[in-house]
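Below, chain A is the first sequence line, B the second, and so on; all start at residue 1.
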There are 2 protein chains.
Amino acid sequence: MTESSRGVKAILHESFAEIAKAAAHPHRLALLEHLAQGERNVDALATVTGLNLANASQHLQSMRRAGLLSARRDGKFTLYRLADDSVLDLLDAIGRIATSNAAAVKEVVSSYFNERDAMEPVTRRELRQRMKAGTVTVLDVRPAEEFALGHVPGAINVPVGDLKRRLADLPRSKEVVAYCRGPYCVFAFEAVAALRAAGYRARRLEDGLPHWRADGLPVAL
Amino acid sequence: MTESSRGVKAILHESFAEIAKAAAHPHRLALLEHLAQGERNVDALATVTGLNLANASQHLQSMRRAGLLSARRDGKFTLYRLADDSVLDLLDAIGRIATSNAAAVKEVVSSYFNERDAMEPVTRRELRQRMKAGTVTVLDVRPAEEFALGHVPGAINVPVGDLKRRLADLPRSKEVVAYCRGPYCVFAFEAVAALRAAGYRARRLEDGLPHWRADGLPVAL
DNA sequence: CTCACATTCTATCGTTCGCTTGATTGTTGG
DNA sequence: CCAACAATCAAGCGAACGATAGAATGTGAG
């Protein structure tokens with residue numbers, strides 16, 4: 001009765017609103033960004049986002065109810081992951097609106113991001129070809145745990161914080177292509193800046209690992 | 001100070017959350033659906049969505065602040081419109097998550113939509129070709145006001161309610177392709193069902209006018 | 001200049017939301 | 001079976017949100 005009397009339209013709008021609401025909180029977006037890297041348990045997510053455990057749990061549950069996440073139990077852990085690649089599309093759409101229409105974001109993007117990386121990013125297609133040709137060093141600047149959940153085959157994992165210390169691991173002869181969590185992850189920008197300052201040829205991969213994976217490109221573990 | 005101390009990441013997440021929040025309400029989604037058809041003033045939008053005027057105004061203003069809408073003044077009217085085609089992408093992304101992951105929506109889509117239109121919708125590309133070849137009648141089943149804001153060139157406007165009464169306007173010889181507001185607008189589904197019941201060959205255009213326009217295809221006024 | 005109309009603003013009220021705390025459930029390893 | 005740990009649940013709080021009504025602003029027509 002509720003369904004038919006309120007009309008199909010109302011049901012759809014309410015359901016859609018629940019999905020949007022599920023993403024409409026800074027902490028949730030932080031959780032989603034981390035979950036886009038791969039499956040994680042509640043405690044790990046709470047730690048990495050700086051949230052109270054119970055609080056993180058509640059956010060995760062409500063995103064699960066809304067259909068953004070799915071969860072499975074593994075021993076005493078509850079492992080959450082993105083329900084679907086379409087969740088990435090949602091985040092992308094929000095990002096595109098933000099970069100073109102939100103004053104705060106436009107400012108950050110132009111002042112912070114562009115100054116560190118004036119060049120166009122390397123496309124996935126281009127990187128794939130140059131990997132086959134062996135003309136690049138691929139650098140994954142995410143934390144080790146995220147690297148362990150999947151990375152571009154052949155990539156070297158050097159978290160940004162360790163970069164200066166570990167420059168020796170990177171040959172100067174080839175161009176370095178760095179990537180991290182996604183289009184708005186600052187690590188890759190910072191890495192490219194640091195590498196250039198050290199005399200490397202360095203560029204950034206477009207987006208991050210989640211998009212690489214969603215594109216159906218190979219992921220190593 | 002606020003900006004740099006909280007970190008770039010936090011700023012981005014907050015801005016993104018504001019955008020998601022701006023869409024996270026059933027009334028707002030209804031407003032967006034109507035605005036996707038074209039520019040409208042506050043009173044018209046309030047009427048068509050059944051909202052209190054002041055309430056509609058407030059929703060519109062907060063969506064404007066978030067960057068989903070833009071507004072211009074024309075005489076005593078304030079005309080709102082979608083800020084950007086990327087807002088359509090956002091709605092699409094929400095819809096895709098809903099159809100694959102939200103129980104209520106899956107039920108509606110399979111029970112209501114599929115039963116009325118088992119066939120695949122006509123793609124925009126296909127319709128464009130068949131329009132040139134003259135082998136279809138294009139039917140716009142939206143209300144006259146929306147038709148007036150732009151429609152597929154050559155389309156005949158027959159709001160769903162008037163369809164039975166005006167079947168004479170539609171030649172039986174050609175296949176009819178009906179469209180309305182978007183992928184979840186029920187009018188086109190109902191029109192196709194009614195036409196088939198009346199012995200027509202009828203199909204639905206994928207999505208609706210907003211996507212046609214966003215694709216860069218010609219729109220008549 | 002005034003009137004009519006479109007819209008926004010202001011104040012208010014009830015509801016929902018997010019976060020914290022402490023208790024509870026569920027699972028593994030000893 | 002018990003100890004240790006992961007996660008959820010339950011209650012309570014303050015803040016933010018959505019709706020409404022009435023006042024105020026802005027604009028054009030006469």
Spacing between L53(A) atom CG and dT25(C) atom C1', to the nearest angstrom: 14 Å
As an exercise, state the distance from CG of L139(B) to CG of L205(B), rounded to the nearest 0.5 Å. 11.0 Å
Distance in angstrom units between M63(A) CE and dC17(C) C1', rounded: 15 Å
Within a radius of less than 6.0 Å around CZ of R64(A), do more than 12 heavy atoms belonging to other residues, nucleotides or ligands occur? no
Reckon N41(A) has a side-chain N or O less than 4.0 Å from the OP1 or OP2 of dA6(D)? no
With the threshold set at 4.0 Å, does a side-chain nitrogen-carboxylate oxygen contact exist between D207(A) and R124(A)? yes
If you take all heavy atoms of A66(A) and A22(A), which pair is closest and at what distance? CB-CB, 3.4 Å
On the nucleotide dC19(C), are OP1 or OP2 found under 4.0 Å from the side-chain N or O atoms that H59(A) carries? yes
Respond yes when some side-chain nitrogen or oxygen of K21(A) is under 4.0 Å from OP1 or OP2 of dC17(C), and no when none is. yes
Rounded to whole Å, CG of D74(B) lies from P of dG28(D) at a distance of 9 Å
Could you check how far CG of N55(A) sits from C1' of dA15(D), rounded to whole Å? 14 Å
Counting any heavy atom closer than 4.0 Å, what does L51(A) reach on the DNA or RNA strands: base, sugar-phosphate only, or nothing? nothing
What is the nucleic acid contact for Q58(A), judged by heavy atoms within less than 4.0 Å: base, sugar-phosphate only, or nothing? base
Less than 4.0 Å between a side-chain N and a carboxylate O, is that true for R72(A) and E39(A)? yes
Just to be sure I understand the rule, does N52(A) reach a base, reach only the sugar-phosphate, or reach nothing, if contact means heavy atoms closer than 4.0 Å? base
In whole Å, what is the span from the CD atom of E14(A) to the C1' atom of dG18(D)? 14 Å
Counting only side-chain nitrogens and oxygens, does R73(A) get under 4.0 Å of the OP1 or OP2 atom of dA7(D)? no
Between dC9(D) (P) and R65(A) (CZ): distance, integer Å: 8 Å
Using a cut-off of less than 4.0 Å, is there contact between a side-chain N or O of Y80(B) and OP1 or OP2 of dA6(C)? no
First encountered from the 5' end of DNA chain C, between H27(A) and K76(A): H27(A)
Atom-to-atom span, CG of D43(A) to C1' of dT27(C) - whole angstrom: 15 Å
Just how far, in rounded Å, is C1' of dA16(D) from NE2 of H25(A)? 10 Å
Distance test, side-chain N/O of S57(A) to OP1/OP2 of dA7(D), below 4.0 Å: no
